[in-house]
Protein chains: 2
Amino acid sequence: MNTPLDTSRDRPFSQTLRRLKDAGLRPTRQRLALGKLLFDAGDRHVTAEQLHAEAGSKGIKVSLATIYNTLNQFTESGLMREVVVAPGRSYYDTNTEDHHHFFYEDDGSLKDIPHDAIALSAMPDAPEDAEVARVDVIVRLCRAVDNQSQ
Amino acid sequence: MNTPLDTSRDRPFSQTLRRLKDAGLRPTRQRLALGKLLFDAGDRHVTAEQLHAEAGSKGIKVSLATIYNTLNQFTESGLMREVVVAPGRSYYDTNTEDHHHFFYEDDGSLKDIPHDAIALSAMPDAPEDAEVARVDVIVRLCRAVDNQSQ
DNA sequence: GGGTTGTTTGGAACAGTTCCAAACTATTGA
DNA sequence: TCAATAGTTTGGAACTGTTCCAAACAACCC
Ligand SMILES: [Mn+2]
Ligand SMILES: [Mn+2]
Ligand SMILES: [Zn+2]
Ligand SMILES: [Zn+2]
């Protein structure tokens with residue numbers, strides 16, 4: 001069933017391995033394990049604590065300091081990016097494309113907004129001697145009042 | 001020079017006083033002083049530390065705990081609102097209208113984007129059973145490279 | 001293998017914010 | 001006007017998320 005390109009069964013870390021190599025980061029046991037969690041499952045948005053708990057629950061023993069180191073190194077080398085949605089908690093995003101987010105205030109989860117599903121018209125001019133580094137749109141959601149009964 | 005409506009000279013706290021009364025907050029010395037700093041100077045975006053320092057530099061003696069209490073109470077009663085732009089630091093905004101922000105990453109300052117200077121077209125549908133509580137647009141700015149010499 | 005350099009780690013330190021209980025103050029209504 | 005009451009302020013302790021540190025460890029390169 002494996003096509004020649006599907007190396008995930010026999011070489012489960014090859015995806016992450018290449019990413020690390022490209023970023024100039026040594027493929028340590030910890031980085032490989034975390035990279036696998038992060039990159040092998042589509043777009044993910046995690047906090048340090050969440051990733052730490054997830055690793056722990058899968059038997060991967062990594063210190064919280066290493067979680068922070070890794071998320072920051074992945075971010076610095078362009079493998080991930082940071083999303084700011086709540087004070088006092090950093091989210092890290094495996095989707096590095098230009099895109100925006102739904103933020104579920106109830107459970108603190110993030111979801112990508114398909115990049116063609118939102119558009120800014122009439123961007124204001126950036127003030128003199130400043131340039132736009134990035135534009136973030138956060139659509140904050142709360143649980144809807146259930147008024148479809150009846 | 002004073003019109004009948006300009007009570008700022010002889011009753012410098014009347015603006016804040018009415019706001020506090022409307023919000024059901026007792027007009028204490030601290031709240032009046034902070035309200036004056038916040039509301040008598042157009043739209044402002046402050047962190048707790050900033051407001052504390054500003055008060056201090058004007059001889060207003062208020063504890064940091066009271067700064068936090070006051071900003072939170074003002075926010076809860078709709079006199080201000082919170083803006084999330086950086087992890088680990090809360091900004092409070094005296095402009096409670098629906099609007100967006102420029103964020104100067106260099107010095108951490110915020111500036112309102114005139115509400116007609118930006119528009120979202122093609123808002124994505126909020127997922128089932130969730131509703132949009134608020135939409136925040138943050139335009140992150142950095143100092144422009146000065147390449148107009150020559 | 002051995003030397004070197006980069007990485008991981010637990011724990012201490014740090015920053016921003018909230019909590020606490022005691023002192024204080026605005027309000028109320030006799 | 002003056003308690004009694006309820007709400008507010010305060011310094012310091014506690015708490016949370018994150019970074020820093022120095023020692024142990026692991027990857028890399030000869
Ligand atoms: Mn960071
Ligand atoms: Mn708050
Ligand atoms: Zn995303
Ligand atoms: Zn604003």
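Only a predicted model underlies this, so the values are computations on that prediction, with no experimental measurement involved. We name chains A, B, ... by the order of the sequence lines, and we start the count at 1 in each one.
Distance, B/Ile67 CD1 to C/dC19 P: 18 Å, rounded to whole Å. Here C/dC24 presents its C1' atom at 14 Å from CZ of B/Arg31, a figure rounded to the nearest Å. In this structure, CG of A/Leu25 is placed 11 Å from C1' of C/dT7, rounded to the nearest angstrom. What separates CG of B/Leu64 from P of D/dT10 is a distance of 11 Å, to the nearest Å. Whole-Å rounding puts the B/Glu76 CD to C/dT17 C1' distance at 14 Å. If you take CG of A/Leu32 and C1' of C/dT8, they are 14 Å apart, rounded to a whole angstrom. A straight line from CG of B/Leu34 to C1' of D/dT9 spans 12 Å, rounded to a whole angstrom.
For B/Thr96, there are no side-chain contact (heavy atoms from CB on, under 4.5 Å) partners at least two apart in sequence or on another chain. A/Glu49 meets the side chain to side chain donor-acceptor pair (under 3.5 Å) test with no other residue; sequence neighbours excluded. Listed by chain and residue number, B/Arg18 satisfy the side-chain contact (heavy atoms from CB on, under 4.5 Å) test with B/Asp22 (two or more places apart in sequence, or in another chain). The ring pair (Phe, Tyr, Trp, His ring centres under 6.0 Å) test applied to B/Tyr104 returns no partner, not counting sequence neighbours.
Mapping B/Thr70 and A/Tyr68 onto DNA chain D via the closest heavy atom, the residue that lands nearer the 5' end is B/Thr70. Sequence order on DNA chain C of the closest nucleotides to B/Asn69 and A/Ser63 puts A/Ser63 first from the 5' end.
The cationic atom of B/Arg81 (NZ for Lys, CZ for Arg) does not lie both less than 6.0 Å from the six-membered ring centre of B/Tyr92 and within 45° of the ring axis.
Residues B/Val62 and B/Arg29 fail the side-chain proximity criterion, which asks for heavy atoms closer than 4.5 Å.
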Under 3.5 Å, which N/O atoms of the protein pair with N/O atoms of nucleotides 24-30 of chain D?
| unit_1 | atom_1 | unit_2 | atom_2 | d |
| --- | --- | --- | --- | --- |
| D/dA27 | N3 | A/Arg26 | NH1 | 3.3 |

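Each of B/Leu38, B/Thr47, B/Leu34 was checked for a side-chain contact (heavy atoms from CB on, under 4.5 Å) with B/Leu71, and the lone residue meeting it is B/Leu38.
Contacts between residues 51-61 of chain A and DNA chain C, defined by a heavy-atom separation under 4.0 Å, are made by A/Lys61.
Taking 4.0 angstrom as the limit, B/Gln73 places none of its side-chain polar atoms (N or O) nearer than this to OP1 or OP2 of D/dG7. Side-chain nitrogen and oxygen atoms of A/Thr66 include none within less than 4.0 Å of the OP1 or OP2 phosphate oxygen of C/dT7.
B/His100 and B/His115 have their aromatic ring centers separated by at least 6.0 angstrom.
Set against D/dT10, C/dG10, C/dT17, the side chain of B/Gln30 has D/dT10 as its closest nucleotide.
Distance OG/B/Ser109 to CZ/B/Phe103: 7.5 Å, rounded to 0.5 Å.
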